[in-house]
Structures are given as C-alpha cells and as structure tokens.
Peer 1: 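First, the structure itself, so that you have it in front of you.
Scope of the values below: all heavy atoms of this structure, side chains included, with no hydrogens, waters or symmetry mates. Chain naming here is simple, since letters A, B, ... match the order of the sequence lines and numbering starts at 1 in each. All values derive from a computational prediction rather than experimental measurement.
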Amino acid sequence: MEIIRPEVTTPQEADLAEGKLINSFLETCTGQYPDPDKWLDEEIRRNVLLTTVDAAVAWARQRSIFPLIFGTACCAFEMIAASGPRFDLSRFGMDIIRFSPRQADVMLITGTITWKMATAARMIYDQMPEPKWVIAVGACAISGGTFRESYSVVPGVNHIMPVDVYVPGCPPRPEAMIHGINRLHAKIVKGTIDNPNLALK
Amino acid sequence: MLEIAFALLAITAVASAVAVIVVRDIFRAALCLILLFMTVAGVYLLLHADFLAIVQILVYVGAISILIIVAIMLTRDARQGPPLGNLKYPAAVVGILLLGVVVFGIINTAFVIPDNAPLQETVKPLGKALFGDSGYLLTMEIAVVMLLSAILGAIAVIREK
Amino acid sequence: MKFERYGTGIVKGMALTLKHLFRAPITVQYPDEKLNISRRTRGNELVWFPEKCTGCGTCTKACLQGNIILVTHRGEESKFIVDKFELDSGRCIFCGLCVESCPYNALAMGLSYECAKYSRKDLVLSKERLAVSNDHQPSAYYRPQFDDQLPDQSLLLYDRDKGGQKLKFLPLSKRKRGSGA
Amino acid sequence: MLEQYGYVGILLIVAILFTITIPMLPMLLKRIGLIPGKKNPTKVQSYECGMQTVGKTRVQYNFRYYFFAVLFVLLDMLTIFLYPWAVNVKELGAGGLVAVGIILSLLTVGYLYAWRKGALQWK
Amino acid sequence: MTLLDQFQLILKTAGWPEWAVYLTPAIVGILIIIIFVLTVVIVFIWWERRLISRFQIRLGPNRCGPEGILQPIATAVKILLKEDIVPEKADKLIHFIAPIIVFVPILLIFAVVPFGEGAILVDLNVGIIYVIAISSISVIGIFMAAWGSGNKYSYISGMRSIAQMVSYEIPVVLSIVGIALVTGSFSMIKIVEAQSIPFILLQPLGFLIFFLGSLAEMNRSPFDLLEADSEIVAGYHIEYSGMKFAMFYLGEYGVALAYSGIITTLFLSGWQGPLLPPILWFIIKVMLVFSLIIWMRATLPRLRVDQLMSFAWKFLLPMAVINLVVVAVEVLVLPAGLQWVMVILNFGLAAVLILLWSKLFTLGGGRVEV
Amino acid sequence: MFSVGLDQYLILSAVLFCIGLFGVLTQRNVIKVIMCLEIMLNAVNIALIAFSQYITPVTLTGQVFAIFVMVVAAAEVAVGIAIIFTVYRNRESVDIENFNILKW
Amino acid sequence: MPIKTEQFYLNVGPQHPSTHGVFRLRLSLDGEVVTDVEPIIGYLHRGIEKLAESRTYTQIIPLTDRLDYLASMTDNVAYCLAVEKLAGIKIPERAEYIRVIFSELMRISSHMMAVGFYLNDCGAFFTPVLYMWREREKIIDLFDMVCGQRLLYNYMRVGGVSQDVPDEFLPAIKKFVAEMPRYIGEYNQLIKQNEIFLARSKGVGILPKETAVNIGASGPVLRASGVKWDIRKMDPYSIYDRFDFEVPTGEAGDCYDRYWVRIQEMTQSLRIIEQAINQIPAKGPICSEVPQFFRPPPGETYGYIEAPKGNLGFYIVSDGSIAPYRLHIYPPTLINITALKDMMIGWKVADLIIIFGSMDVVLGEIDR
Ligand code: SF4
Ligand code: SF4
Ligand code: SF4
C-alpha cells in the first residue's frame with residue numbers, strides 16, 4: 001500500500017490525518033509479503049555479454065552499502081555495537097550511516113515496529129531509491145517477538161514490506177548482525193545489473 | 001575567438017537581464033541576476049580588467065546577491081512577484097527611445113582610440129591609481145566614508161527597537 | 001561564554017584522540033576471527049536432547065509466549081513420544097525460561113548465533129534441527145554440567161596480556177569443544 | 001592575459017560538460033533499463049522523518065542574521081580597496097599605510113558602533 | 001614559465017597550427033587536472049574513513065581491495081546505478097542544476113593551484129582572490145540545493161550556509177591580504193617562491209584565521225553545520241540521491257583537496273622542500289593538512305550557528321584586522337632580511353592577542369524570549 | 001564576422017541599461033526593483049570599463065570609476081534592503097505601492 | 001519591532017538520528033529559534049503493562065528488560081523488589097550483593113551511553129561514543145559472562161538471581177574497577193574542558209530547581225538542578241545502607257551539569273562496586289525457594305528504586321493468581337521529559353537536540 005500523506009497546514013489536521021492513515025494501514029496490511037527465496041535454487045540467467053559487468057556491479061553494490069538504521073528499540077543498540085569499535089561494521093564499507101532514505105541502500109529494521117510507527121517505516125522504505133534491501137533484525141522485527149500479542153505491535157515487518165534477510169535473536173549479538181549482513185552480501189552478489197533486487201522479482 | 005566569446009556573453013547577459021524582469025518566481029529571478037553578474041564579469045575579462053572581473057564576482061555574486069537572497073527569504077509573498085505595473089507600455093516606449101538615442105549616439109561618435117597595448121597586470125596600476133599621488137585618494141576616502149555612513153544608516157534603520 | 005582556557009581544552013582533547021590513533025584497534029574481524037563467546041551464551045537456537053525429553057510440556061508452559069509447539073502421543077508404558085517439537089526462532093526471545101523450567105535437563109540454550117535466514121519459514125526450527133548434534137551444541141546456561149567442555153570467554157578486559165601482546169581470537173573451529181551430552 | 005583566462009574559460013567549459021554528464025548518465029542508464037525503479041507517489045514526497053510535512057516549506061524565514069549580511073556586504077566592499085594596496089605596499093610606503101589606516105579606522109568605527117548597538121549580538 | 005608554456009613552445013617549434021598550439025596543452029592540462037583531482041579525492045575518501053576509524057580505535061574499511069582502497073570506487077559504481085529521485089515539492093530545474101553549480105567552481109579552483117614547480121594551469125595575477133571569488137559561487141549552489149529540494153531540513157541548512165559564508169569570508173580575505181603584503185602579489189607561484197620561511201611561521205595568526213575560515217568553507221567539523229547529522233539529518237543534500245548526491249559527496253572532498261592545496265601553497269611553502277620531487281612534497285603537505293582536518297573532525301563537537309557567527313565576527317575579524325596592520329607595519333619598517341624577527345614578533349603577537357581577546361569577547365547567544 | 005570594439009561594448013551596455021530601466025519602471029516588487037537597479041549599475045560599469053580599456057588604457061581611470069560605482073551599488077543595496085525591511089515590518093508587504101507614501 | 005514570520009512546523013523524529021529512538025517533536029520555528037514544542041510519544045508503545053496481565057510473575061521479568069533497555073538489569077531489580085515486597089520474600093545475602101554490583105555496573109553503562117550520545121548530539125563525530133562503547137563492551141562482557149546475553153539479561157528472579165556468578169567474574173570485575181577511573185579521566189580529558197563543548201552546553205536548557213521538583217523529576221536530571229535526592233540514600237532499599245557513597249549534584253541545572261553529574265555518578269558507582277566486592281559473602285544460596293508458578297497473596301504494592309535514569313517504580317496489584325491483576329510502571333524519563341517544553345522554548349534547533357540528549361531518555365520506558 002502506498003502511503004499518501006495529504007497536504008495539511010495545521011498540526012491538528014496532521015494528527016487527524018495520521019490517525020486515519022494508521023487505521024487504514026492497519027486494515028490493509030493483513031497478508032505477508034512472500035519471501036523471495038526462489039532465487040536460491042534458481043540458476044540466474046545472466047546475460048553472457050554482461051557477465052563481467054554484472055559481477056563488477058554486484059561487487060560494488062555488495063561492498064559499498066549505506067545502511068539506514070531504522071532503530072526503534074533495544075536491537076538498535078546492538079546494531080550500534082556492531083558498528084562500534086569492537087565489531088566495526090565499517091570494515092564492510094558500511095560506515096557511512098545515512099539517516100536520509102534517499103541515499104541509503106539497506107534498511108536495517110532494528111526494533112519493535114508499532115502500528116503507529118509502521119506508516120513511517122513504510123514511507124521511508126518507499127522513499128529509498130532502488131535497488132534497496134531490508135534486513136529485519138530481532139524477534140520484534142521478524143514476528144513481533146514477545147509483543148506479538150499486543151494490540152499495537154506489527155506482527156513482523158514482512159506484513160508491511162518485503163524482507164530480504166531475517167536475523168533472529170532478541171537482540172541478536174553484533175556478530176549475528178554482521179552475519180546477517182554477510183548473508184545479504186551473498187544475496188547481492190547474485191544480482192545482475194538490471195535486476196539487482198532479486199527480492200522484487 | 002574574441003568575437004565568439006563576446007557574442008556568447010552578450011547574448012547570455014541580455015537574456016538573463018530580460019529573464020530577471022520576466023521570470024515571476026523571484027528566487028529564480030535572483031538566480032538569473034547572478035548569471036548576469038557572472039557574464040558581466042566575463043565581459044570585464046574581455047576588456048582586460050581581470051581584477052575588476054574578480055571583484056565583480058566577489059562583490060556582486062558573493063555579497064550583493066546574498067543580500068538579495070536574504071531579503072527574499074525575509075519577506076513574505078515576495079515569492080511570486082506581482083505582475084508588471086500599469087506603467088508597462090510607457091516604460092517600454094521610454095526604454096526603447098532611450099536605447100535608440102544612445103545607440104545612435106554611440107554609432108555616430110568617433111572615439112579617439114589610442115593604440116596602447118592593454119596592461120598585463122591591473123592590480124598594481126590600480127593600486128597606484130587609487131593610492132598614489134594622481135589624486136583618487138580623496139575620492140576613495142569619501143567613498144569609504146560613504147560606506148561607513150551606509151553601515152551606520154543601515155544599522156540605525158533596521159535595528160529592532 | 002568566555003574562552004577562558006584559550007583553546008587548551010581543545011588541544012587536550014586532540015592530544016587524547018592522537019594517543020588513540022597509536023593504540024591498537026580493538027576490533028575483532030568477525031567472520032575471520034571469532035570471539036569466544038560466553039559459556040552461558042543464550043544463543044539463537046535451543047538445543048533439545050531427544051532421548052532425555054519426556055514430553056512433559058513444562059517448557060511450553062514456561063515460555064512466556066507459547067513459542068514451543070509440542071505434540072506428543074502416548075507410546076508403550078504410557079510414555080510420551082514427541083511427534084513434533086518446534087521452535088519459532090523468529091519469535092523466541094531467548095530468555096531461557098523454558099530451559100530453566102525443564103525438569104529433565106532435556107533442553108538447553110544453544111551456542112550458535114549465525115542464524116540469519118533468507119526466509120521466514122526457515123526460522124521455524126523442527127525437532128530434527130533442534131536435536132543436539134555435533135555442530136549444534138548446548139551452552140552452559142542453567143546447565144553447569146557443560147561448563148567444562150566450553151572454552152573460556154574472551155573478555156575485552158583481558159584484551160592484552162602482560163606483555164602488551166594482543167590476545168588472539170581463535171577461529172571457531174580451533175576452539176576446544178565438548179562432545180555434547 | 002586573455003590567453004590565461006582563455007584557459008580558465010576552457011576549464012569552465014570542460015567542467016560544465018563534465019558535471020552535466022554526471023547526473024545525465026543515470027538518466028541514460030535508466031532509459032536503457034539498467035537502473036531499476038519507478039515512480040510512486042510515496043517516493044516523491046519529501047522526507048521529514050517519515051511524517052507528513054505540515055504547512056508550507058519555503059516560508060518566510062526569520063533570518064536573524066540579516067544584520068550580519070548587511071555588514072558583510074559593506075565590509076566586503078571595504079576590503080576591495082585593500083587588494084590594490086597590498087601588492088603595492090612597498091611602493092606606496094607610509095602614505096598608503098596612512099590611507100589604509102584611515103579605511104581601517106573607519107571600518108573599526110563602524111564595527112564598534114555595530115557592536116555597541118548590539119548588532120553583533122544575536123539574541 | 002609553467003609546464004603549460006613549455007608544452008606550447010614545443011608544439012610551436014613543431015609547427016602546429018596556432019589554435020592547436022593553444023588548445024592542445026590546455027585540454028591535456030585540464031584532463032590531467034581532472035584525473036588528478038578525482039584520484040586524490042578517491043584517496044582522500046579512503047584516507048578519511050580509515051584515519052577516522054583509527055582515531056576511534058577501530059579498523060575502517062579494509063575488505064575492498066588492498067586495505068579497502070577500492071572502497072570509493074565501489075561506492076561510485078554503486079551510486080551510479082542507483083535510482084534518482086526528484087521529490088515533487090522540489091523546484092525541478094534548480095534541483096537539477098544545484099549540484100552542477102556546487103561542483104563546477106570546485107573544479108575551477110584547481111586552475112590556480114600549483115601542484116608542483118610550474119605544474120599549474122594558469123598563474124593568474126589575481127590567483128588567490130580568484131579562489132575566494134570562485135568559491136563564493138559554491139555557496140549559491142548549496143543554497144540552491146537547499147531551496148530546490150523543498151525540504152524543511154535542507155531549508156534550514158541553506159540559511160545556515162548563508163550565515164557561514166557571511167561570517168567567514170571577510171576574515172579569510174583579510175588574512176590573504178596579509179600574505180599579499182609580504183609577497184607583493186596575489187599570484188600563487190610568486191607566493192610560493194616568496195616563502196623562504198613558510199608563512200605559517202611568518203604569520204601564525206593569519207594561518208589560524210585562514211585555516212578556520214577554510215574549515216567553514218569546506219563545511220568541516222567544527223563548522224559542519226550545513227550537514228549536521230544530529231540536527232538536520234543530512235542538511236542541504238537530504239533529498240538528493242544517486243549521482244547528484246555523489247556530486248555533493250565528491251564536491252565535499254574536492255573542496256577539501258582544493259583548500260588543503262591552497263593552505264599548503266599559502267602557508268606551507270607549497271611544493272618547496274628538500275630532496276623529494278616537488279609534486280611529492282605538495283602531496284605530502286596536502287595530506288598532512290587534510291589529516292589535521294580529519295583529526296579535528298574526530299575530536300571536536302560542532303558550534304551552534306550563532307556562536308559560529310559570533311566567533312567569526314568578534315574573534316576572527318578583529319584579529320585579522322590587527323594582524324593586517326601589524327604585518328603592514330612590519331613589512332614597511334623591517335628590512336627584507338629580517339624575516340626571522342618578524343616570525344618572533346608575530347608569534348608573540350599571536351599569543352598575546354589570543355590571550356587578551358579570549359578575556360574580552362563572549363560568544364553570546366542563548367535563549368530568545370518568544 | 002563582426003569585430004568587437006568599443007561600440008559593441010557600449011551598445012551592450014546601453015541595452016542592459018535600458019532593460020534595467022524598463023524593469024525599474026515596471027516592477028512592483030521592491031526587491032525586483034533593486035535587482036533591476038543592479039542591472040543598470042552593471043551596464044554603467046561595462047561602459048566605464050570599456051572606456052577605460054579603449055580610451056585610457058594606461059591610467060585605468062574607468063576602472064577606478066567602476067570600483068566607485070560598485071561601492072555605491074553596495075551601499076545602495078545595503079541601505080535599500082534595510083529600508084525594505086523597515087517598511088516590511090510595518091506593512092507586511094513588498095509592493096512598491098507601499099513605498100510611494102514615505103510616511104509610516 | 002521584530003519582523004513577524006510565518007509558522008514553520010518541523011518534525012523532528014520519529015526517524016531522526018538524535019531522538020534516541022522514536023521520539024517525535026513537532027516544533028514551531030521562528031528562524032532557528034524554537035517557539036513551540038509538542039512532544040509526541042507512543043511510537044514505541046508496546047503494551048507492556050497489558051501484556052504483563054497475562055503472564056506469570058516470572059515471565060514478566062523478560063518484559064521488564066525491554067523497558068529501559070539500556071539499563072535492563074535495574075528494571076529487573078525494581079520489579080523483583082516490588083514482587084518480593086508484595087509476597088514478603090527474603091532474599092539471600094549473596095544475591096543482594098550480586099544485585100547491587102549489577103545495578104551499579106548497569107548505572108555506569110547506562111550513564112556512559114547517555115553521556116556518549118549526548119556528546120554525539122553536540123556534534124562530536126562518534127568519537128566519545130565509541131570510546132565509551134569500548135568500556136561498555138567490557139561491562140557487557142561481564143554481563144554476558146553471567147547471564148549469557150549482551151543487552152537484555154533476564155537475570156533477576158523473584159527471590160534472588162537466576163544463577164550464581166561464575167568463578168572468573170570477581171577477578172574480572174576487580175580488574176574493571178581498578179582500571180575504570182583511568183578511562184573516566186580520559187573522557188574528561190577528551191571533552192570536559194573543550195571550549196566548544198562548554199559553549200554548547202553551559203547555560204543551555206536550564207531546568208530550575210523549583211520546576212524540577214514540581215514536575216517530580218528524578219535521577220541525574222533532578223540532581224543536576226541542585227537537589228540532593230537519591231533513593232539509595234533517602235530511602236535505602238536492598239542493602240544500600242551498607243555502602244558509603246556520595247550523591248553528586250549540580251548547581252545550574254543546565255546541560256553541562258547533567259553531563260557532569262553523570263560522570264561523577266560513574267565514579268561513585270565504582271566506589272559502591274568496590275565495597276560490594278569486598279563485602280560479598282563467598283558462597284551461599286543465591287535464590288530463595290519460589291515456586292515456578294508463584295502466587296503472591298492478594299494485595300497491592302509499590303516498589304521503587306533509583307534506576308540510572310531516576311526513580312523507577314512498579315505498582316503491582318495481585319489477585320492471588322499466577323499473573324498480576326494490574327502492573328503499572330512509573331518510568332522516570334517520562335516524568336523528566338514533561339519539563340521539555342519549558343526547557344526548549346527560546347533555544348535554537350541545535351540546542352534543542354542537545355537538551356533532549358542531556359535528558360537521557362529511552363523510549364522503551366516512556367512509551368512502555
Ligand atoms: S527483538 Fe528483543 S531486543 Fe529487539 S527490539 Fe524486540 S524486544 Fe528489543
Ligand atoms: S520440559 Fe523438558 S522434558 Fe518436558 S517437554 Fe520440555 S524439553 Fe521435554
Ligand atoms: S527461550 Fe524464552 S521465548 Fe524462547 S522458547 Fe524458551 S521461554 Fe520461550
């Protein structure tokens with residue numbers, strides 16, 4: 001579903017509009033986005049001519065990821081720990097943390113997404129330029145975790161956006177996060193220049 | 001070469017000057033004005049006035065246009081300027097008449113043009129002209145005093161009471 | 001705000017950062033070097049000992065979100081036979097309450113943390129996946145009996161030994177491992 | 001001298017060509033389908049922490065430092081006089097120094113006046 | 001005699017037509033400059049990321065090529081193939097041309113940076129003023145980006161860009177005049193040749209002022225208000241994606257390179273140095289200056305916009321004026337051979353002035369009654 | 001191909017001047033009026049420098065004058081905009097109509 | 001007369017680098033000056049209080065972890081104390097000491113994050129955070145050693161703690177306590193006298209003493225305003241009366257004081273830990289007998305402690321079943337941020353960020 005935020009001029013109108021939006025969003029997001037895992041078995045049909053180019057591009061995409069840390073709760077701190085001095089995500093070229101979605105490649109959903117936040121999350125996801133990937137980190141992002149029964153929590157971000165890699169844990173260790181990112185690297189490498197985001201195939 | 005450069009600069013200058021007047025969005029008009037300033041700097045260069053060209057960019061592009069942008073930001077409903085006033089046609093007539101007279105004058109005057117080679121460096125001679133004994137010192141001081149009074153005046157006028 | 005310190009504060013700070021420039025980085029190059037994780041790690045998978053489990057179901061009750069799905073039927077001698085023992089590791093918060101509650105020591109926390117998956121389905125761990133095996137080892141969380149089989153945790157506190165030598169982080173394969181229970 | 005500025009002109013042209021190609025390139029690549037992505041209404045909304053923008057964006061801005069802007073223009077103008085003097089300082093000698101001294105003292109007067117009037121104090 | 005002139009001479013003796021004699025060296029020189037700039041910018045990006053990581057006791061990018069040197073290239077390729085978004089609120093034309101306006105002046109600056117002995121595109125008489133003039137165009141570009149994006153954060157950032165420019169240009173200009181007093185010329189080559197003693201020793205105060213001013217010009221910490229991450233997310237380029245963002249990103253390092261080069265030229269005696277070839281000396285000094293900038297970025301918090309302006313207007317400007325007057329008197333009074341006296345005098349002066357002025361001025365600012 | 005001489009520069013200057021004049025007379029937004037004034041001053045400067053180049057190439061009289069014109073321009077803009085702010089504060093408008101009556 | 005300006009609304013948050021999670025502020029700006037602030041919370045409302053009503057007393061402990069996730073151990077302690085008070089359970093001596101040690105370690109780690117991110121908000125490019133993160137990693141290693149998790153520990157149990165500390169724990173923490181003062185000195189050297197930092201934080205965001213008391217602020221925020229109030233001293237719970245420590249206070253109540261109080265509290269916590277290590281009984285039970293599905297007698301109770309962020313309370317109503325009838329959490333940061341509006345109005349956007357940073361909020365606790 002597309003998040004269309006209407007033009008408003010006063011905060012009151014904005015709040016009303018937000019409430020309406022959240023409710024309609026809640027109603028529309030019932031199904032799950034399917035996990036695009038077919039590519040795992042499929043031999044990717046690479047264009048013969050473009051193979052090396054594909055490889056080079058995939059390498060570049062894999063090696064230079066600007067993450068958008070969508071950190072809402074506890075997991076975000078393990079994410080920061082992963083980019084901290086001890087585990088240092090920047091080794092993978094991920095040290096340019098972008099908070100503007102316009103420049104990011106990977107959205108790292110770290111933390112609980114409530115329905116109130118879901119519209120913002122989806123909007124930011126939409127605002128990211130292609131190719132983009134999503135990593136759901138932590139039980140809350142994957143499935144709602146321990147708050148799944150709660151009335152206000154999204155039962156898994158795959159209800160509101162397609163997810164490429166799931167990193168279980170509550171919170172996952174920084175190593176686990178790096179492992180998840182490496183899995184994403186492995187996925188990106190399989191992409192081709194014109195179809196980088198196998199997720200959306 | 002020179003001709004092409006001059007033609008390019010002249011056309012850009014005139015076009016951007018017209019654009020300043022025609023473009024409704026005042027910020028874009030200001031940008032056109034900046035373009036005009038830069039082309040004028042280019043014209044100065046063609047006239048071997050390199051120091052003045054740089055000063056032109058420094059003062060007009062770097063300072064005056066900033067001030068104009070500040071003014072645009074500070075004032076409301078200035079974004080989309082109002083249409084041209086009702087003086088449109090008289091003004092056009094006046095403008096064209098004046099243009100005709102001046103151009104006629106220019107073409108019919110035979111300027112005495114000495115054939116000295118243009119100066120290779122203008123900063124030093126300018127300094128000598130301004131500060132030397134030849135006599136612009138007083139003018140310059142007056143200009144500076146004027147600037148000072150402009151500072152004081154501006155401060156006095158805009159001070160929030 | 002006066003500049004009473006004439007910039008000496010800034011200089012001091014910069015001296016400190018400069019000092020750090022010449023300190024060794026504390027980074028563990030994770031996929032190549034691995035930290036020895038804590039012996040009591042609550043890793044991201046549970047370890048289930050099929051032969052010890054009686055199918056009593058205490059663990060499912062202890063779990064705060066009903067995360068363990070246990071299906072049993074009665075076999076001979078009215079013993080429970082576990083048909084299905086499933087854990088949704090995408091939901092589990094690895095709190096360890098189930099492990100603590102298991103009266104027969106048939107459940108333990110795992111050591112593994114490299115569990116990222118490409119699809120949600122893969123996160124649901126079946127009985128076979130949970131069962132203890134050579135590369136699916138329990139940690140000593142609430143199971144002190146496994147303590148001795150696990151290597152010492154590498155602590156950042158002891159990052160350097162006396163001689164200033166950087167402590168080696170052993171690759172996982174080279175670590176001392178127990179053979180399981 | 002014109003040759004020198006000719007070089008600058010050529011550099012300008014090359015630079016403009018070069019910089020225009022950079023944003024044009026992705027457009028081209030997009031045309032031939034190498035860059036994925038299509039427009040959708042959410043994507044083109046402006047980013048404001050994932051929330052909606054309330055009210056106008058390009059509002060009249062309370063530019064509290066317009067005072068500085070005015071001062072800046074005037075002082076910038078004063079410094080113009082310093083350049084021709086600076087390269088001639090030895091030739092002009094004490095006379096030039098006095099002239100510049102007058103400029104600078106006038107500048108100081110204006111500056112001090114501005115300071116006293118609280119113009120440099122940004123509340 | 002620059003290398004370019006020599007090249008022209010060679011071509012002329014080879015009997016090339018006149019326009020070719022004029023154009024070929026220019027084009028070759030420009031291409032060399034652009035390639036050099038892009039290469040050094042790539043090295044700069046890598047160097048900054050590695051060095052800042054080391055300041056922060058971590059490792060930094062090291063997976064991409066040997067020691068991660070290919071990292072910027074990977075970034076470039078990736079960004080090239082990234083979707084480009086123009087928000088609907090944007091002024092599309094301005095949004096498009098803003099990065100160009102930012103980037104072109106940065107390339108233009110390199111026309112007068114002497115990379116080595118004679119390795120300069122043009123040795124303008126007004127060299128250093130040209131740099132100041134040209135780089136003020138960049139500010140307009142930044143403002144256009146901020147305005148054109150139609151984003152509120154970038155709008156604030158645009159205003160800050162004006163505030164910065166308004167405050168830092170005059171002190172910078174005055175410190176340059178101080179140099180011209182000694183050298184008697186604005187030409188970059190003459191300035192380098194005049195530095196038997198590097199001007200950083202001769203005019204420590206001038207160096208301080210110019211350095212701080214150029215930090216503001218480069219939007220580097222502690223004056224990186226324009227893209228203050230923690231306040232206005234990404235500042236003026238918040239709505240830029242794809243290659244346009246890359247241009248801002250490159251431009252940021254390009255301007256860092258340009259200003260490092262200019263600081264090297266003005267204050268660190270440019271390419272001069274014993275033993276090593278000039279170009280190497282130049283690169284070493286540029287790297288040193290840039291490392292200093294990174295070091296500051298790794299340590300210092302950022303100033304608030306009004307504090308920044310007060311600092312410029314109340315601290316740097318009076319200092320610059322006093323420095324200027326003192327240098328002028330010294331140049332007039334002291335005979336040319338006594339430069340070492342000037343060094344000592346100026347160091348003493350700098351110390352005294354900083355101590356005194358620190359007591360005198362306050363940054364001001366604070367709460368506004370609303 | 002035409003040749004570029006003094007006449008051409010002067011004509012360019014005259015054209016710009018007249019455009020500026022037209023703008024000054026017709027614009028209703030004061031800021032734009034100031035912008036048009038700047039165009040006129042620039043046109044004058046072109047003429048001055050052209051004269052300087054062609055008539056007095058050694059003494060640079062025209063260039064010196066051009067500098068003074070710039071000084072005047074800067075002062076004019078500064079004061080002009082200061083006045084605009086003051087009027088704006090009271091009238092909340094930048095329409096030239098409000099500047100006709102100079103009693104506020 | 002100033003120029004009247006148009007309303008300029010700006011959303012800061014929920015997805016913003018320095019709102020420490022998903023806090024949202026809607027600002028009205030006049031230029032860069034903040035004229036009105038509207039804090040909007042609820043973007044992380046997870047319904048913990050409601051969920052707690054359907055979980056047993058033991059199962060709530062993992063939930064309390066997720067309140068203030070930067071100081072989850074103290075949340076555990078607060079909850080367990082409340083339940084113990086309700087059921088009248090005595091806890092063994094050794095467990096008390098372990099609790100104290102961990103609470104204070106948690107305080108150090110939490111303050112470290114607070115200070116680090118505060119400095120980050122001031123614009124120091126991650127360096128202070130990363131330096132502090134190094135020490136925090138050391139603390140986390142200790143936690144990891146004992147409870148097997150790095151962030152959310154789930155270690156306390158009603159009646160004690162879940163497992164005894166391993167043998168290597170005590171030497172490790174001794175080493176930590178011994179070397180930590182040096183690092184605190186380094187932080188001070190890094191930033192405390194930095195002119196820019198002082199200019200940014202001194203006199204900014206003043207919370208006057210009266211306001212602080214009136215809104216019911218607590219923790220370092222209150223103490224920075226000059227009120228010597230610390231539950232560990234005023235109403236010693238657990239075994240805090242056995243330790244000798246001071247309660248650092250500030251004077252002006254500005255951002256700098258809040259920073260400085262936190263740094264000093266880290267030193268005091270170290271002192272407490274040192275004493276606790278010396279006094280801790282060598283062996284002994286660590287948990288009193290509490291059944292797994294434990295039913296406290298019907299009744300209600302309120303237990304509160306001095307958490308790193310202030311006065312953290314749990315109000316529990318029991319109806320005698322295995323789950324509480326009602327659980328209410330009194331989060332310190334929610335109370336503290338009620339003063340935000342007063343503190344922020346009139347400052348600039350940049351100040352607002354650091355004022356918010358100096359409050360040290362954790363959204364998990366505010367929104368619950
Ligand atoms: S998965 Fe666990 S650690 Fe992560 S946000 Fe949810 S509760 Fe917090
Ligand atoms: S509690 Fe233990 S024995 Fe009982 S079902 Fe669970 S794992 Fe099996
Ligand atoms: S670890 Fe916790 S959440 Fe996971 S199954 Fe066991 S009790 Fe349930």
Peer 1: Among Ala62(C), Pro144(C), Ala140(C), Ala15(C), which residue forms the greatest number of heavy-atom pairs with chain G at distances under 4.5 Å?
Peer 2: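 Of the options given, most contacts go to Ala62(C).
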Peer 1: Which bit of Arg66(G) is near chain C, if near means a heavy-atom gap under 4.5 Å: side chain, backbone, both or neither?
Peer 2: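 Answer is side chain: those atoms of Arg66(G) sit under 4.5 Å from chain C.
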Peer 1: Going from OH on Tyr187(G) to CG on Leu16(C), what distance comes out if it is rounded to the nearest 0.5 angstrom?
Peer 2: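 CG of Leu16(C) is found 10.5 Å from OH of Tyr187(G).
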Peer 1: Taking all non-hydrogen atoms of both residues, which atom of Glu100(C) and which atom of Ser162(G) are closest, and how far apart?
Peer 2: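 In this case the closest contact between Glu100(C) and Ser162(G) is OE2-CB, 4.3 Å.
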Peer 1: Say you draw a straight line from CG of Leu63(G) to CG of Leu64(C); how long is it, rounded to the nearest 0.5 Å?
Peer 2: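 Rounded to the nearest 0.5 Å, the CG-CG separation comes to 6.0 Å.
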Peer 1: Taking atom NZ as the centre, does Lys127(C) end up with more than 12 heavy-atom neighbours from other residues, nucleotides or ligands that are less than 6.0 angstrom away?
Peer 2: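 Yes, enclosed.
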Peer 1: In terms of heavy-atom proximity below 4.5 Å to chain C, should Phe197(G) be classed as side chain, backbone, both, or neither?
Peer 2: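 Neither part; nothing is under 4.5 Å.
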Peer 1: Hey, what do you get for OG1 (Thr41(C)) to CD (Gln149(G)), rounding to the nearest 0.5 Å?
Peer 2: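 Reported to 0.5 Å precision, the distance equals 9.0 Å.
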Peer 1: Pick one of side chain, backbone, both or neither for Pro128(G), based on which atoms fall under 4.5 Å of a heavy atom in chain C.
Peer 2: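 Neither part, no heavy atoms under 4.5 Å.
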Peer 1: To the nearest 0.5 Å, how far apart are NZ in Lys12(C) and CD in Gln189(G)?
Peer 2: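 Here the interatomic distance stands at 7.0 Å.
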Peer 1: Given a strict heavy-atom distance threshold of 4.5 Å, which part of Ser139(C) is in contact with chain G: side chain, backbone, both, or neither?
Peer 2: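 Ser139(C) has no heavy atom closer than 4.5 Å to chain G.
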Peer 1: With a sphere of 6.0 Å drawn around CD of Glu251(G), does it hold more than 12 non-hydrogen atoms of other residues, nucleotides or ligands?
Peer 2: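 Open: at most 12 neighbouring heavy atoms sit under 6.0 Å from CD of Glu251(G).
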Peer 1: In terms of heavy-atom pairs under 4.5 Å with chain C, which of Glu137(G), Arg157(G), Glu135(G) leads?
Peer 2: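 Result: the option with the highest number of such pairs is Arg157(G).
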Peer 1: Would you call His20(C) and Glu186(G) a side-chain contact if the rule is heavy atoms closer than 4.5 Å?
Peer 2: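 Touching, per the 4.5 Å side-chain cut-off.
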Peer 1: Taking it one step at a time, do Leu152(G) and Phe94(C) satisfy side-chain contact (heavy atoms from CB on, under 4.5 Å)?
Peer 2: CA-CA 10 Å; Leu152(G) 306 174; Phe94(C) 307 103; over 6 Å; no
Peer 1: For Cys95(C) versus Asn154(G), what's the shortest heavy-atom pair and its separation?
Peer 2: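 Closest pair (atom of Cys95(C), atom of Asn154(G), distance): O-ND2, 2.7 Å.
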Peer 1: Could you look at Asp164(G) and say if it's the side chain, the backbone, both or neither that has a heavy atom under 4.5 Å from chain C?
Peer 2: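 The backbone, not the side chain.
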Peer 1: Closer than 3.5 angstrom, by distance alone: can the side chain of Arg39(C) be matched with the main-chain N or O of Gly148(G) as a donor-acceptor pair?
Peer 2: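 Flag not set: sc Arg39(C) to bb Gly148(G) has no pair under 3.5 Å.
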Peer 1: For the side chain of Arg40(C) and the backbone of Val146(G), is there at least one donor-acceptor N/O pair under 3.5 Å apart?
Peer 2: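 Flag set: sc Arg40(C) to bb Val146(G) pair under 3.5 Å.
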Peer 1: Write down the atom of Gln163(G), the atom of Tyr141(C), and the distance for their closest heavy-atom approach.
Peer 2: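 Smallest heavy-atom distance, with atoms named: NE2-CE1, 2.9 Å.
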Peer 1: Is it the backbone or the side chain of Arg55(G) that comes under 4.5 Å from a heavy atom of chain C, or both, or neither?
Peer 2: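 For Arg55(G), side-chain heavy atoms alone lie under 4.5 Å from chain C.
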Peer 1: Working to the nearest 0.5 Å, report the span between CG of Leu97(C) and OG1 of Thr56(G).
Peer 2: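 Here the interatomic distance stands at 7.5 Å.
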Peer 1: Could you check which of Gln65(C), Lys61(C), Met109(C), Met14(C) has the highest count of heavy-atom pairs closer than 4.5 Å to chain G?
Peer 2: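 Counting heavy-atom pairs under 4.5 Å, the top option is Lys61(C).
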Peer 1: Any sub-3.5 Å donor-acceptor pair from Glu195(G)'s side-chain atoms to Ile10(C)'s backbone N or O?
Peer 2: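 Between the backbone of Ile10(C) and the side chain of Glu195(G) there is a qualifying donor-acceptor contact (under 3.5 Å).
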